[in-house]
Each structure stands twice: as structure tokens, then as C-alpha cells.
Amino acid sequence: MPAHKEKNSEERNHKNIQNDTQASQVQWGRAWEVDWFSLASILFLLMFAPLIVYYFIMSCDQYQCSLTDPLIDLLMGNKHLSDIWNKTPTLTYTAAGIYIIWVAFQVILYMFVPDFCHKFLPGYVGGVQEGAVTPAGVVNKYEINGLQAWIITHVLWFANAYYFHWFSPTIIFDNWIPLLWCANILGYVVSTFAMIKGYFFPTNAKDCKFTGNFFYDYMMGIEFNPRIGEWFDFKLFFNGRPGIVAWTLINLSYAAKQQELYGQVTNSMILVNVLQGIYVLDFFWNEAWYLKTIDICHDHFGWYLGWGDCVWLPYLYTLQGLYLVYHPVQLSTASAIGVLMLGLIGYYIFRMTNHQKDLFRRTNGNCRIWGKKPEYIECSYMSVDGTKYYSKLMISGFWGWARHFNYTGDLMGSLAYCLACGFEHILPYFYIIYMTILLTHRCIRDEHRCFSKYGKDWKLYTAAVPYRLIPGVF
């Protein structure tokens, strides 16, 4: 929310920036101390998250995407764990080569090809941009070129598919499990390196947090913005590249496999490719805006982001397309239109809600939302040294409907991806279940921080906007 200071001299402004940094260190970011519940949750994720990913992918490879049949086989004694494991494809030189080339190519696009899209695409913000102030008072600069990397990658993909024929468009699907081992190796190497770097050669020692608990520090990260050199930022690279650039390529590979197996690409596969493609393109079109989000502004870089971006995102966010390879679904025209409309409406709500907030911030409330001047609640908060600040919390537009209505739009889009797969199996619905849990938890986590920051003013805000996600319900 836009904030202004009580005093306006340059000296006071500089001091207030420092004070705001100190305050943000108290209010935001990962914890300084670890309670038993957080530690138990972290140990659970470290032990079982890789197994969950393996279980989903193995279920499709060996059990036609049934999540129950592997358990039934094991419980009934029809199979042993060793039987399932022995049928699982192992790491291959081919997969390792593909993965190394892929990651190296994305590093090259990220590091050595300055953005040119902002020079000819109206409204697109690219090139060198500044991030938010870190708790230590640092303002990092970023080369925003994700959209450019996505375009170059996909132009080459289609050029190969229709002209060069260097490799099959099904190459990702055909090596999917061997590539999983490669992704895990990178995820753990990056996470381990980030922890070692945080201890021995951090980019900025003042932006590090140590709890003394190895498992918490490993998962949630020590460094706020680990970097190599001036420009290679671990958090921005792994959040957006290679996982999200690959998202649409993975779906295209699934579509190519469906064409190879059945002689056609079903309308459900097209819907998944289109709706998730819109989501990915929106991410890269608004990559500069992403610098102001919770992932960049508040999360440290550890296993949660490092492994999660390498493995969890590309493997579990693409389950709908994988499922449709094994179970092609041809929706009726009415059902296809309904799924498409749900996805597009969800995207519209997601984008316009964020746009209203950004407009309100940029203009300090001097704008028009839905044709009229926005209403807001004036809030105040204190920095650690007692300096008072003011913020405005908007209660107009979509933000008057619910406190996190952008998440509501995101969930509508997530549900559309799943509905495109029909109702025969639960596996493709993992995404909406996971996103509902994730975004609900994020709502509660964010509001706890805001209550700590604004106190009684936050209670006034929640009284004015009583619902978190669904007006009249929650």
C-alpha cells in the first residue's frame, strides 16, 4: 500500500528509508526463531515432497494416472516397493544432456541477451528495473527479459517442429521421468549451494537470517537475495527460468504426444495449453511487477524456492496435460465453452484486481476505480525507533469485495484447468486442491503480518472488507 512520511526534508526521507527497512525486517521475511509446528512441517516437506512428486508421475507411468491402484497393489501384496521402483526409468545420458543444454540456454538468455522487447511492445516494462528495498536497505537492479526469453525459446521450438526437425516435439514427455532425476539434482545442488553461500560468502551479510536450526535454514533460506556477480540473481532466475518458461513447452510436448498416439489433439488439451499459456505469458508480461510481490520482497532463497522451482512447479503444475496424454478427453462444445469462459473470467479478475491495486499505489489514491474516486482507510504504523508512517488501504473496486480477490480469480483459472480433464480421476484436480491450500495459507499469513503492522487500523479495514476470498462465504 502507498505510504508517505510525516516529514519531507531529504535528511528525514533518507532516515525514514532506513527506519522502514528496520521495520520491514521485523514484519516481513522468514522467522528468526522456529516453533515446533514450523519445524515439524518443514521436516515433513523435506522428507515427503520429493516422494509426492515421484508418486504422481509414477502413477501415470505405471498405473494410467490412478492414485489409488499403487496403494491397493502394495496393501494387497500384489506388488512390492521394489517392483514399482525397478520399473521406474533411471537417469540417462540423453536426459542429462537435454537438461544441461536447457538450463545453460536459459542462463545465456537471462545473462547475455539484454531485453529489446520493451523497445517495441507498447505497455511492456522490461530492461533494467529496480526491486524493492531489502531489510538491509539495498535496492537491487534486475534485467527484466523473461518475455524475450520465452519468445526466443518458443520460436526455436516451433522452428524445430516444423522445419529443422533436430528432435521430436515429444522429447520432453519421452524423457519425463529421467528428466525428473535431473531436476532433483539441480534443485538440491542449488539449495545446498545457497545455504553454504549464506554462511561463508553472502552477497549482503545484513540481509541474512540465521535461526540456528539447520533444517529450517536449509528449507526457508538464509540469504535474501543471493547473487553471483552483479546480475545473476538466484531468486528471479529460478522463480521464472527455467521452470515457467518450460511450462508451456511441457504442455506442447504433451499435445504432440497425444497427436502421435491418437492422431488428434483433443479440445481439452487445447484448452489446457491455451489457459495455462495465458497465465505464463501474463507472468512474463508483468515480470517487473513481480519484483514487488511476496516471493521477491519477503522470501529468502532456500530449498523451498530452489527445489520447488526446479521440481514441484514443472512436474505438478503440468499434471493436467500429462493426464490427458493417458486419458484423452473430448469435451462437448458447451462444456468446452464453459471451461474456457471460467478460465478467462478468472484471469480477468486476477489481472484487473492487481491492476486496481497497482493504480492505487502509483497515484497514492488519486485515480478512478470503476468510474469514481476510490475509498480507503487511512492506517498508521510505527517503525522500530518510533517514527510514524501512514498507509492507505483501498476498499473500492474488487478490493471492496474481498481482501484477496486476486487470489479468487487465480483459483477460478486453476479450477478451469482441472475441469478440462473431466471427472474420471482425482489426479488432475491436485492443482486446485493445492492452490486452495496455498492461497488460503498465504491469506492468513499475510493478514497476521498486517495486523502486527497496523494494529487497530487493520481491524477497521477487516470490518469494512469482512471477507478474504469469496464474498458472503469466506
Side-chain angles (χ1 to χ4, degrees), residues 30 34 38-58 61 81 84-85 88-107 110 172 175-203 208-228 232-247 250 295 299-319 434 438:
R30 40 152 287 193
V34 186
S38 296
L39 180 58
S41 301
I42 282 166
L43 291 174
F44 175 84
L45 288 173
L46 287 172
M47 288 188 292
F48 291 106
L51 295 177
I52 290 171
V53 176
Y54 168 74
Y55 188 83
F56 274 87
I57 305 306
M58 176 278 298
D61 184 56
L81 286 173
I84 294 175
W85 180 253
T88 302
T90 59
L91 178 63
T92 64
Y93 286 112
T94 299
I98 293 169
Y99 201 77
I100 290 170
I101 291 171
W102 167 250
V103 175
F105 181 59
Q106 292 306 312
V107 170
Y110 177 71
I172 299 175
N175 294 275
W176 198 221
I177 293 182
L179 288 170
L180 173 61
W181 310 134
C182 298
N184 269 284
I185 291 170
L186 178 62
Y188 278 98
V189 167
V190 166
S191 304
T192 303
F193 176 78
M195 186 171 192
I196 294 171
K197 183 177 182 301
Y199 271 102
F200 297 106
F201 48 100
T203 303
C208 293
K209 279 188 177 181
F210 300 90
T211 65
N213 185 292
F214 171 84
F215 297 106
Y216 188 92
D217 288 347
Y218 182 73
M219 180 171 183
M220 300 308 295
I222 293 171
E223 277 201 84
F224 194 68
N225 289 110
R227 289 187 162 207
I228 294 178
F232 188 84
D233 184 272
F234 279 65
K235 201 187 294 184
L236 183 63
F237 178 79
F238 284 100
N239 267 284
R241 278 74 62 78
I244 297 184
V245 174
W247 189 340
I250 294 166
D295 293 342
D299 288 340
H300 290 240
F301 187 86
W303 184 88
Y304 175 76
L305 290 179
W307 180 87
D309 291 329
C310 290
V311 180
W312 188 269
L313 186 155
Y315 275 84
L316 295 190
Y317 287 19
T318 60
L319 284 175
Y434 167 72
L438 176 72

> Check for a donor-acceptor pair, side chain of Asp217 on one end and backbone N or O of Thr211 on the other, with a separation under 3.5 Å.
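Pair found, side chain donor or acceptor close to backbone of Thr211.
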> Taking salt bridge (Lys or Arg N to Asp or Glu O under 4.0 Å) as the cut-off, I'd like each qualifying pair that reaches into residues 178-195, sequence neighbours left out, listed once.
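Applying salt bridge (Lys or Arg N to Asp or Glu O under 4.0 Å) to every pair that reaches into residues 178-195, excluding sequence neighbours, yields nothing.
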> Kindly indicate, with the supporting measurements, whether the criterion side chain to side chain contact (heavy atoms under 4.5 Å, CB included) is fulfilled by Phe238 and Leu186.
CA-CA 11 Å; Phe238 284 100; Leu186 178 62; 4.2 Å; yes
> Taking atom CG of Leu39 and atom OH of Tyr216, what is their separation to the nearest 0.5 Å?
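So the CG of Leu39 and the OH of Tyr216 are separated by 10.5 Å.
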> Got Leu319 and Tyr434 here, is their nearest side-chain heavy-atom distance under 4.5 Å?
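Heavy-atom side-chain distance check fails, nothing below 4.5 Å.
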> Within the side chain of Tyr315, is there an N or O that forms a donor-acceptor pair under 3.5 Å with the backbone of Cys310?
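Absent.
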> To check you understand the geometry: which heavy-atom pair defines the closest contact between Ile244 and Asn239, and what is its length?
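What the structure gives for the nearest pair is CD1-O, 3.2 Å.
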> Counting neighbours of CZ on Phe200 that are heavy atoms of other residues, nucleotides or ligands and sit closer than 6.0 Å, is the number greater than 12?
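Check fails, neighbour count at 12 or below.
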> Going by side-chain hydrogen bond (donor to acceptor under 3.5 Å, both in side chains), name the pairs with one or both residues in residues 185-198, residues two or more places apart or in two chains.
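Checked against side-chain hydrogen bond (donor to acceptor under 3.5 Å, both in side chains) - neighbours excluded - the pairs reaching residues 185-198 are Thr192-Tyr218, Lys197-Thr203, Lys197-Glu223.
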> Mind checking what makes salt bridge (charged side-chain N to carboxylate O under 4.0 Å, His left out) contact with Asp233, not counting sequence neighbours?
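Testing Asp233 for salt bridge (charged side-chain N to carboxylate O under 4.0 Å, His left out), a comparison that skips the adjacent residues, returns Arg227.
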> Go through the structure and list residues passing side-chain hydrogen bond (donor to acceptor under 3.5 Å, both in side chains) with Trp247, not counting sequence neighbours.
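In terms of side-chain hydrogen bond (donor to acceptor under 3.5 Å, both in side chains), with neighbours along the sequence ignored, Trp247 is linked to Gln276.
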> Give every donor-acceptor pair under 3.5 Å between a side-chain atom in residues 89-106 and any protein atom, sequence neighbours left out.
unit_1	atom_1	unit_2	atom_2	d
Thr92	OG1	Ala95	N	3.0
Gln106	NE2	Thr153	OG1	3.1

> Tell me every residue that passes side-chain hydrogen bond (donor to acceptor under 3.5 Å, both in side chains) with Asp309, counting only those two or more places apart in sequence or in another chain.
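Applying side-chain hydrogen bond (donor to acceptor under 3.5 Å, both in side chains) to Asp309 gives none.
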> What distance do Ile250 atom CD1 and Ile172 atom CD1 have between them, rounded to the nearest 0.5 Å?
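The CD1 atom of Ile172 is 5.5 Å from CD1 of Ile250, to the nearest 0.5 Å.
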> Report yes or no: does Lys235 contribute a side-chain atom to a donor-acceptor pair with the main-chain N or O of Phe224 at less than 3.5 Å?
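At least one qualifying donor-acceptor pair exists.
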> I'd like to check the ring pair (Phe, Tyr, Trp, His ring centres under 6.0 Å) partners of Phe234; sequence neighbours left out, ordered by chain and number.
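Residues passing ring pair (Phe, Tyr, Trp, His ring centres under 6.0 Å) with Phe234: Phe193, Phe232, Phe301.
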> Mind checking what makes side-chain hydrogen bond (donor to acceptor under 3.5 Å, both in side chains) contact with Asn184, not counting sequence neighbours?
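For Asn184 the side-chain hydrogen bond (donor to acceptor under 3.5 Å, both in side chains) partners, ignoring immediate neighbours, are Trp307.
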> Please enumerate all residues that pass side-chain hydrogen bond (donor to acceptor under 3.5 Å, both in side chains) together with Trp303, with sequence neighbours excluded.
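side-chain hydrogen bond (donor to acceptor under 3.5 Å, both in side chains) list for Trp303, sorted by chain: empty.
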> Hey, is the main chain of Ile222 close enough, under 3.5 Å, to the side chain of His300 for a donor-acceptor pair?
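The answer is yes, because a donor-acceptor pair under 3.5 Å joins these two groups.
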> Using 0.5 Å steps for rounding, measure from the CZ atom of Phe215 to the CD1 atom of Ile42.
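Rounded to the nearest 0.5 Å, the CZ-CD1 separation comes out at 10.5 Å.
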> Give me each pair satisfying salt bridge (Lys or Arg N to Asp or Glu O under 4.0 Å) with a member in residues 175-192, each pair once, sequence neighbours excluded.
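Salt bridge (Lys or Arg N to Asp or Glu O under 4.0 Å) check on residues 175-192 returns no pairs.
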> Sequence neighbours excluded and cut-off under 3.5 Å, please list the side-chain donor-acceptor pairs for residues 47-58, or say none.
unit_1	atom_1	unit_2	atom_2	d
Tyr54	OH	Thr88	OG1	2.6
Tyr55	OH	Leu67	O	2.6

